[in-house]
Amino acid sequence: MNSPIEFNRQRYSKLEEIRARGIDPYPVRYDVSHPAQSILDQAEDLVESAERVSVAGRITSKRGHGKSGFAHLLDRTGRIQIYVRLDRIGSDVYEIFDELIEVGDYLGVKGAVFTTRTGETTVMVDEMELLSKSLRALPEKWHGLRDIETRYRQRYVDLVINPDVKEVFLKRSRLIRSVQRFMDGEGFVEVETPILQPLYGGALARPFKTHHQALDMPLFMRIADELYLKRLIVGGMERVYEIGHDFRNEGIDRTHNPEFTMLEFYIAYVDYRFIMDLVERLFTSVFQDVNGTLNHTYQGRSIDMTPPWPRISMLDAIREYGDVDVTRMPTAELAAVCGERGLDVDPELGRGKMIDGLFEYFVQDRLLNPTFITDYPVEISPLAKRHPDNPELTERFELFICGSEFANAFSELNDPMDQRRRFEEQVEMQRKGDGEAHAMDEDFLRAMEYGMPPTGGCGIGIDRLAMLITDSANIKDVLLFPHMRKESFDGDPGGLDGPDSPGGTGAEMENGSGEADSPDSPDGTGAELENGSGEADGLSDRASGI
RNA sequence: GGGCGCGUAGCUCAGUUGGCAGAGCAACAGACUUUUAAUCUGUGGGUCGAAGGUUCGAUUCCUUCCGCGCUCACCA
């Protein structure tokens, strides 16, 4: 796409005409007395009192009728119609409204409120001010913006055109506020822990890697909050939680974005049973708060969120849904059962992976209403405490709704010697080439050695929850700016490369942008963050300008 | 990464069994002082995602590439 000047000469020439008439097309402020919706709400009183209101918004439609015209202004609260008449506002201003103001522009108007012949509450404009001139045409009003790619790439247009999109993100905001209120009520402290970490951990995933210039050291974007939040438990912050972005350098699909929002919380002195109770209360509280009901529909499927939710151990679930009892089944027989079901699970990876595979095969998709699956095999739960009744299992649960996982929780492992052994096993896996294995974290072990109380912990994917609660099929629909591949701009192929383009300006070199960055990363893998960007310089330029 | 599908005007979409590129809305010019998908008359607007190939001729057929969606594998 070209610049708006090349692309829309008609709009640009109107901008020039506005300037030629001595009007500032981009003034600094406008005093609003009534947001659009409040005019509609108080229409009767406002009509009766003949009170003059002022309202501002973006023009979303415009209909001229010779010497008068209607338009709709859209603000954050809603849409209000305005009526402009030549005999009220004067020929000079009317000419500007008629010829130079168009759909997409921001307008501020003052005037009395009346009701039209067809019954719509409308502002009779007696004063008008252009607040911002738009140089690009918005999508047409009737069909709107449907192209999925454009909606994600140009969310600002999507939000203007599609009111239900705005509603999704308002709901997401209410969801997060509701979670925070609930956690407040439970005596939690909300904390912020590092996103840039010298070591990454707390989950098994491939990280993004970057580099700190001044310290000349590699840093990783966090893949989980877990190890830092547990350090806070050691420090005596007995109920902590964090809502923040984690970053995982893995595939993108309907339910995965490279950065996503995670709620993690940890509570001292409790086990996973307590966490189950709390998760049940958290979800039902949030659903009541945001949707006003525990009966929900997701993608056409009815879900009953009413507690209590069933709690079934993983082995019982496999027995119940698959009619297979794997409890004391010899490993060879287990492998045969997996083979019969066409499950490609390597027996060398242990019983845990095979049992998990059978669970996914027989059970997971059939868990429509909220269900806790408990007591996972120890091999696939490296951070969870062993179950006292069965050392092959752990005190771990996951919550499933509509066949998807919504929470993952344990009675946390707090034995420093056991934790060290598990790290050593991970290091061994790493040595064998497992790119997702856990690194040895000596500082975390030191914290464990000072002593961590018995602790229950939990992680909940907030984007998944937002998808469920807004009935969205794709994670991109609940992310304001989902990750997309680089867009190419005609006539400016490096448009998005600005910050790291080799021909940087002198200013860009101040932070040492060009050479020596991320020496171990081939360009274009997407695995590495660039540093010393021009954008950072832009910020410092702005700061010095002030 | 594999498989399937899609990419035509600012937007929503037709279309070409290979032969001058279409509509509605938006825009522009004109009429119209309570319309609301305003109406009426007229006009302009396209590298048919990009690059190659086949052909007298390619938006159409073939190849490669780019982007998006669905799906499988991995993950939350």
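These numbers come from a predicted model, not from an experiment. Reminder, nothing fancy here: chain letters follow the sequence lines and each chain counts from 1. Computed over heavy atoms, backbone and side chain alike; hydrogens, waters and symmetry mates excluded.
Each of B:U35, B:A76, B:A37 was ranked by its minimum atom distance to the side chain of A:Gln81; first place goes to B:U35. If you check B:A38, B:C74, B:A76 against the side chain of A:Asp253, the one that comes closest is B:C74. When distances run from any side-chain atom of A:Arg248 to the nucleotides B:A76, B:U12, B:U34, the shortest one goes to B:A76.
In this structure, a donor-acceptor pair under 3.5 Å is absent between the side chains of A:Arg146 and A:Asn162. Remark: the A:Asp75 side chain and the A:Tyr106 side chain contain no N/O donor-acceptor pair separated by less than 3.5 Å.
For A:Arg281, the salt bridge (Lys or Arg N to Asp or Glu O under 4.0 Å) partners are A:Glu186, not counting sequence neighbours.
The base of B:U34 has none of its N or O atoms less than 3.5 Å from a complementary donor or acceptor on the side chain of A:Arg117. The base of B:G69 lies outside donor-acceptor range of the side chain of A:Glu149, with no N or O pair under 3.5 Å.
Residue A:Gly66 is classed as a base contact, given a heavy-atom separation below 4.0 Å to a base.
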Query raised in the report: With Watson-Crick and G-U wobble geometry limited to distances under 3.5 Å, how should the secondary structure of RNA chain B be encoded in dot-bracket form, using | for bases paired to another strand and [ ] for crossing pairs?
Result: (((((((..((((.....[..)))).(((((.......))))).....(((((..]....))))))))))))....

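A cation-pi arrangement, defined by a distance under 6.0 Å to the six-membered ring centre and an angle within 45 degrees of its axis, is present between A:Lys62 and A:Phe97.
Within residues 158-167 of chain A, no residue has a heavy atom under 4.0 Å from RNA chain B.
Between A:Tyr83 and A:Phe70, the angle of the ring planes stays under 30°, which puts this pair in the parallel group of the 30/60° scheme.
When the C1' atom of B:C13 is taken as reference, atom CZ of A:Arg146 falls 9 Å away, rounded to whole Å.
Salt bridge A:Asp98/A:Lys67: absent, no basic N to carboxylate O contact under 4.0 Å.
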